[in-house]
Structure formats: C-alpha cells, structure tokens
Amino acid sequence: MSTRKICTRFAPSPTGHLHVGGARTAIFCWAYARANGGNYLLRIEDTDQKRSSDDATAGFFEDLKWLNIGWDEGPEFEGSGGGENGPYYQSKRLAIYNEYLQKLLDAGLAYYAFETPEELDTERKLARKEKRAYRYNRAALELNQETVQQYLDEGRPKVVRFKVPEGGPIVVHDAVVGEVQVERNEVDDFVIFKTDGFPTFHFAVIVDDALMGVTNVIRGQEHLNNTFKHVLLQDAFGFERPTFSHISLIFNPDGSKMSKRDKDKALRTFVREKNVESPPNDCIPTESWSAWLGSKDVQLEISEANDLAAALGIQLPEINVEDFQRAGYLPEVLLNYLCLLGWSPGNDIEQFDADFLINNFSLDRIVKSPAKFDRAKLLAFNLDALQKISTEEFETRLLDWCTKYAPEFAALGDKFSLFASANHERSKTFRDAVETSKFLIDDDDAITWEESKPVKKALLKGEVTGLSRLPAIIEAFTTLETWDAESIDACLHALADSLADGALGKVAQPVRVAVAGGPVSPPIGDTLVLLGKEATLRRLSRCLEHFSAVCDV
RNA sequence: GGUCCCAUCGUCUAGUCAGGUCAGGACACCAGGUUUUCAUCCUGGGAACAGGGGUUCGAAUCCCCUUGGGAUCACCA
C-alpha cells in the first residue's frame, strides 16, 4: 500500500494517570515501531480544556520513562521527544485545525449548527424513549445562508458538524479485528468543532495523524466505533488512511472493567462494611468525605485515596503504572506481563525482555479477545526476575526504590547492603522486603507479640516451651564475642544440641519471634546481625519479661 | 434498545488463516518432598475447545443459528 516510513503514535489524554491499559497500548505502539525500524511518537491530546492538566502530563512522561519506552518524536522530556511535526500538544495546534476546518467548510463538507446541548439532550432522550437510535436531524442544514450569517454575526454559540457524504457501507480494514463495516446511516453528522473553539477528538486526531505521518494507529477497542467517523474524515480530506489495529480491553479478575474508580470502590466498600464514621486522622476534609461517601461518581484525589488507605490499613488495587512501581514491581516485568495480555510470541515463550519483544513483535499475533489482569501471575514473574538479577543489582535497585517509597530503610546506611542481600531470595517485590522487615526500624521497645498461632507455637507450646529456652540463649549471646552470621549460627547450633536434641528450629524460631514480634524474618543469623547484639539482647529480655508476666511459664 | 466486537483449563494463552498428534505451556489450585520461620526450590495431580446445526472420510479449526460477555451510541478522549 504505502512505502511511507512506519510511524506509530501513543496519544493519551492527560486527565488522570497512565493506567495499565494505556501502558499496554503504548508498549505495542513502541514495539511495532521498533520492530519495523519506524518512529514512535507521543502526542498529548489536551483539547478538553476542563479535564487536562500539566501534572497529569508530567506523570505520563515519567511512567513511560519508567517503563523504558522513550518516544522518538513528541514533547521533549529527559532525552525523548523533539521532531519536525510539532507542536505535539493539541492545545497548541489550534491554528492548524482552523486551517483544515476551513477547507471542509469551503468544500461544503461541514456546516455550522446552533442547537444548545439541552436541546440535543431532549432529542436524545426522546429517541431513547421511542427505542430508536438517535441521529442528529440535520436541522441546521435547513438554515439559509442569511440566517446562518446572522447567527454568526450575533455571536451565537455554535459548533461545526461534519456532513456525512452519501454512499454505501463504511468499511474499515483492521489489522487485528479484520474487516469491519457499518451502514452509512449509522453515523450521524458529528460535531468536529466545539463551542469553545476547540476541535473534537475526532477532528484533531485525523488531522494530526496525517500531518505527523502516522502510518499505524494502534489503540484500544473502545475506539473501534469511532473509526468509522475517522475514515470518513480522512477520505474527505484525501488523507491516506493509516492501518488500524484495535486491541482488546483489559479487565479485572471479576470481569469488570479495570478502572481508576476501583480504588474508590475498594475504599467505599471497606468504609461501609466497617462503619467508619469519619475520615481517620483527618486525612480528608469533612465536606469532601460526605460527598464522596454519598455518590459513587465522586472520586477522591489520588493522594487522598492513598492517605485514606494508609490510615485504614488497606491495600488499594493497583491500576496505574505508578501503583505498580510503588508496589515494588520491576518495570521490565510489568512490560513483559502487559505484553502477554493480548499478545504472545508463540513457542511457549512467556518471559522475555524488551529486546526480544522488538525482535518478535507483530500485529498478526495480537489476540482479539479481552484479557483479565492476573496479579498472581505478575507477582510470580516478578519473583523470577528478581531472583535472576545479581545481589548487587538487587541492592542498587532496592535502594532506589526505598529512597522513593521507604526512606526509613534507605537510611539504614552501612547495614543496607546486608538488608538487601538477606532479602534478595525471599522477596517477590521490593515492597516485600520492606514489609517483612518493619521490625528492623522499629524501636526495641515498640515490639509487641500478638498471640497468633505461630507465635504461640514458637514460644508457648510443647513440653519444653521456646520461652523457657530464652534465658540460656540470652546467656550464650551475651558471652558471644564475634557478632556475625557465622558465629551466631554456630552458637545457635550449639544451643540446639544442648537444649533441643539438635533441632535448630526449637531455638531459632523462638529467637526470631522474640526479636521480630512475629514468625517472619530473614535467615536468623542475618536478622540478628542487622539488629545488632544490643538490640537483640534487649528484645529477647523484653519478650521473656512480657510472657512471664502474662502467663505461667 | 440500535450498532459493532469477542468466545480453548479458574486466569493468560499455543493450536484456527493453509481441517487430520489421547488440545501444549505458564500462573493459580491440590497432594507429597527439601528448608531453622516466611518466601523459595523439587516431584506428581486435577483442570478447557459455550451450546446446537451444517460442510467433510475427518471440525477446536470452515459456515449458520443460539447463548453468554464486552464496547459504543457526548460540544470526553
């Protein structure tokens, strides 16, 4: 068809955060361009004045960068972007859109319309009530030229509509879905310029795609129906149609659409079930709290949602790319996993890196059916990836992560290295390492022992309880001169021999529970070195005192 | 409701386009085993072609219908 250089684009609307569906689209666009020696460009679709924000735009840049899919052309950001076909913000391309609009107007392919949104809404409701499809009735086409001019001169609010030409069915060839067609009368004279003087999405997209040399449009399947409008417009301008690829949506495991609202949903459900009366710790102003609780259409600011979740002690579902970063996933793993949702390289290959992707990506292996997002599989992939990297790399990356999300651990100083290596093999995510090591940064006196099953088992159960062995352990540790993992292990082995017929668990586990407050910690030697001798002894003593006081030992 | 799209284990998928291996892999699950805890790790196991019609010697694969799921019907993108 065309010998033009391949060019794909990712064109987000900066109204929120980059979510996994958008990220997957971006990855596919990026991979297709790379696989074909083409260009991958980023364009910011901010024609919705009310909802777009600069913060959101910056967030998109960072998320894309974190995933390591830099763009060749587009807004300049940390080495990505630039290019001849800018500006890459639609809000800065008004003059261009007006120029193209005029062409349509001159050709009689577009016309002004003056109905108010309320009037149209009434029409729509009526159509719905009468169970017929709503189409704009072309009333404005009946207006004679003088009237139109008069309205224009009066400054009446106006929109511009595209005049759908006569013809047969509209046919679109989609590289993923195949041939799709619709009867022409299904498409009404849609608005291409809004009252605020900005083009609508449909208009801006096709003008930009054409002017920027986009050859392949890869986007979510929610756009499939829009495509009929787009090709009509493209044909009207005489633009070469790009190759369309509509990829299926990503859903939650329960089949609902994965949405940013899921966070509010999770919070609201929790708040209702537990009858939380007011915002804990005043993390949310009372007015917005009641508004939020009252309507499922009201969403909290992302920071408010995070604060509330933290205050309530619940985990919000990860939806946005940043959520996965915060949760301690590796960007290359998220990229890998996202690819698998709707694409597969075949040959039973599942785990691969970006190089493999760009060497093997092709549109004809994209799956048409929608996919559900399975966090368990992502987690398993992350574990595999974490175990594959060297301990040095794990340490470096964990430190980066902690600096951003767990500064108290980043402040571990010369102990960080041991903290990292002790957690390398056992962590599924970076957050895992931190969450199971809270006891490391807690004060010695802040440790409490919840009497859970494993705690009781380690300290209170059996003919000879773990607790009863603590005095001997404390004594041995007190006289232990060298405080390193080997010495501690040797000491514990000796204690196990003398106290428990060599059963290391009988002495190691009580120690672990005593110092950590629970049954989970890195290998006992590392745990105690990390804590230091002083803290270890203090915690052992406190534990002994605590349980001696509350029960007969 | 109109229009459009989709349909293989619980989940992601290979196999479908060029009909012919007891439908393969991964995650999850279950049962054993290793390990001083957790997490790992090892071994084994159950688990799918939505239903019905055709076409054919032969259908997961091609066609039709049904059912189910989804998207979309804005001066949002």
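The sequence lines fix the lettering, A, B, ..., with proteins before strands; numbering per chain opens at 1.
One can place NE2 of A:His424 at 15 Å from C1' of B:C41, the figure rounded to the nearest angstrom. One atom, CD1 of A:Ile488, and another, C1' of B:U36, lie 14 Å apart when rounded to the nearest Å. Atom CZ in A:Arg375 sits about 15 Å away from atom C1' in B:C12, given to the nearest Å. As rounded to whole Å, 13 Å separates atom C1' of B:A28 from atom CD of A:Glu350. Rounded to whole angstrom, the span from the CD1 atom of A:Ile44 across to the P atom of B:A77 amounts to 14 Å. One interatomic measurement links the two molecules: NE2 of A:His230 to P of B:C4, which rounds to 18 Å at whole-angstrom precision. Between the P atom of B:U11 and the NZ atom of A:Lys372 lies a distance of 5 Å, rounded to the nearest Å. Rounded to a whole Å, the CG atom of A:Leu340 is 10 Å from the P atom of B:A14.
Within the 4.0 angstrom heavy-atom criterion, only backbone atoms of the sugar-phosphate kind lie near A:Leu249; the bases stay farther away. Base contact: A:Thr195 has a heavy atom under 4.0 Å from a base atom. Among the atoms of the strands shown, none is found under 4.0 Å from any heavy atom of A:Asp46. Within 4.0 Å (heavy atoms only), A:Pro157 reaches no atom of the nucleic acid at all. At the heavy-atom level, A:Gln181 lies under 4.0 Å from the strands shown only through sugar-phosphate atoms. Counting non-hydrogen atoms under 4.0 angstrom, A:Phe190 reaches nothing in the nucleic acid. Using a 4.0 Å heavy-atom criterion, one finds that A:Thr436 contacts no nucleic acid atom at all. If you check every strand for non-hydrogen atoms under 4.0 Å, A:Glu119 touches nothing. Nucleic acid contact for A:His202: base, since at least one base atom lies under 4.0 Å from a heavy atom of the residue. Among the heavy atoms of the strands lying under 4.0 Å from A:Gly342 are primed sugar atoms or P, OP1, OP2 only; no base atom is included. When heavy atoms are screened at a 4.0 angstrom cut-off, A:Pro12 is found touching no nucleic acid atom at all. Contacts of A:Lys428 with the nucleic acid, taken as non-hydrogen atoms under 4.0 Å apart, involve only primed sugar atoms and P, OP1 or OP2. Residue contacts shown for A:Tyr337 are absent, as no nucleic acid heavy atom lies under 4.0 Å away. At the heavy-atom level, A:Pro519 lies under 4.0 Å from base atoms of the strands shown.
Aromatic pair A:His223/A:His246: centroids not less than 6.0 angstrom apart. Ring pair A:Trp401/A:Tyr329: centre-to-centre distance not below 6.0 Å. The aromatic ring centres of A:His230 and A:Phe201 sit less than 6.0 Å apart.
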The test is ring-ring contact (aromatic ring centres under 6.0 Å, His included); show your working for A:Phe193 and A:Tyr112 and say whether it passes. CA-CA 9 Å; A:Phe193 258 71; A:Tyr112 293 107; 9.6 Å; no
Between A:Phe419 and A:Phe409, does a ring-ring contact (aromatic ring centres under 6.0 Å, His included) hold up when you go through it step by step? CA-CA 9 Å; A:Phe419 162 67; A:Phe409 282 88; 5.1 Å; yes
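When both pairing distances are held under 3.5 Å, B:G19 makes no Watson-Crick or G-U pair with any nucleotide shown. Across every strand in view, B:U35 sits unpaired, with no contact that passes the Watson-Crick or G-U test at under 3.5 angstrom. Judged by Watson-Crick or G-U wobble contacts below 3.5 Å, the nucleotide B:G1 has B:C73 as its partner.
Classified by interplanar angle (parallel below 30°, tilted 30° to 60°, perpendicular above 60°), the ring pair A:Trp343/A:Phe352 is perpendicular. Relative ring orientation between A:Phe162 and A:Phe190 is described as tilted, the plane-to-plane angle lying within the 30° to 60° band.
Look at A:Arg365 and you'll find a side-chain N or O under 4.0 angstrom from OP1 or OP2 of B:G15. A close approach under 4.0 Å does occur between a side-chain nitrogen or oxygen of A:Arg124 and OP1 or OP2 of B:C75. Applying the 4.0 Å criterion to OP1 and OP2 of B:A77, one finds that A:Thr47 has a side-chain N or O inside that range.
Closest approach to the A:Lys368 side chain among B:A28, B:A74, B:C6 is made by B:C6 (side chain taken as heavy atoms from C-beta onward). Of the candidate nucleotides B:U36, B:C12, B:U3, B:U3 has the atom nearest to the side chain of A:Asn225. Of the candidate nucleotides B:G2, B:A77, B:U36, B:G2 has the atom lying nearest to any side-chain atom of A:Glu186. If you check B:U3, B:C12, B:C75 against the side chain of A:Val182, the one that comes closest is B:U3. For A:Val191, whose side chain is taken as the heavy atoms from C-beta onward, the closest listed nucleotide among B:U37, B:C75, B:A26 is B:C75. Closest contact between the side chain of A:Gln387 and the listed nucleotides B:A77, B:C41, B:C75 involves B:C41. Nearest to the side-chain atoms of A:Lys194 among the listed nucleotides B:C75, B:U72, B:C27 stands B:C75. Distance from the side chain of A:Arg512 is smallest to B:U37 among B:A26, B:A77, B:U37. Residue A:Val159 has its side chain nearest to B:C75 when only B:C75, B:C27, B:A71 are considered. When the nucleotides B:U36, B:G25, B:C27 are ranked by their closest atom to the side chain of A:Asp348, B:G25 comes out on top.
The same atom, P, is picked in B:C64 and in B:A7; the two are 14 Å apart, to the nearest Å. Taking the C1' atoms as reference points, B:U61 lies 13 Å from B:U55, given to the whole Å. For the C1' atoms, the distance linking B:G52 with B:A28 amounts to 33 Å, nearest Å. Separating the P atom of B:A77 from that of B:A14 is a span of 35 Å, rounded to the nearest Å. Using atom C1' as the reference point in both B:G69 and B:U11, the two lie 16 Å apart (nearest Å). Separating the C1' atom of B:U35 from that of B:C42 is a span of 12 Å, rounded to the nearest Å. Comparing the C1' positions of B:A48 and B:G10 gives a spacing of 10 Å, expressed to the nearest Å. Rounded to the nearest Å, the gap between the C1' atom of B:G68 and that of B:C27 is 25 Å.
Smallest separation of non-hydrogen atoms from A:Asn137 and A:Glu123: ND2-OE1, 4.2 Å.
Ranked by how close their nearest RNA chain B nucleotide is to the 5' end, A:Leu224 and A:Gly346 are led by A:Leu224. Along RNA chain B, the nucleotide nearest A:Ala371 and the nucleotide nearest A:Val177 are compared for position; the residue whose nucleotide lies closer to the 5' end is A:Val177.
In this structure, A:Arg161 is not positioned above the aromatic face of A:Tyr111 in the sense of NZ or CZ being under 6.0 Å from the six-membered ring centre and within 45° of the axis.
For A:Glu450, the CD atom counts as loosely surrounded, since its 6.0 Å shell holds 12 or fewer non-hydrogen atoms of other residues, nucleotides or ligands.
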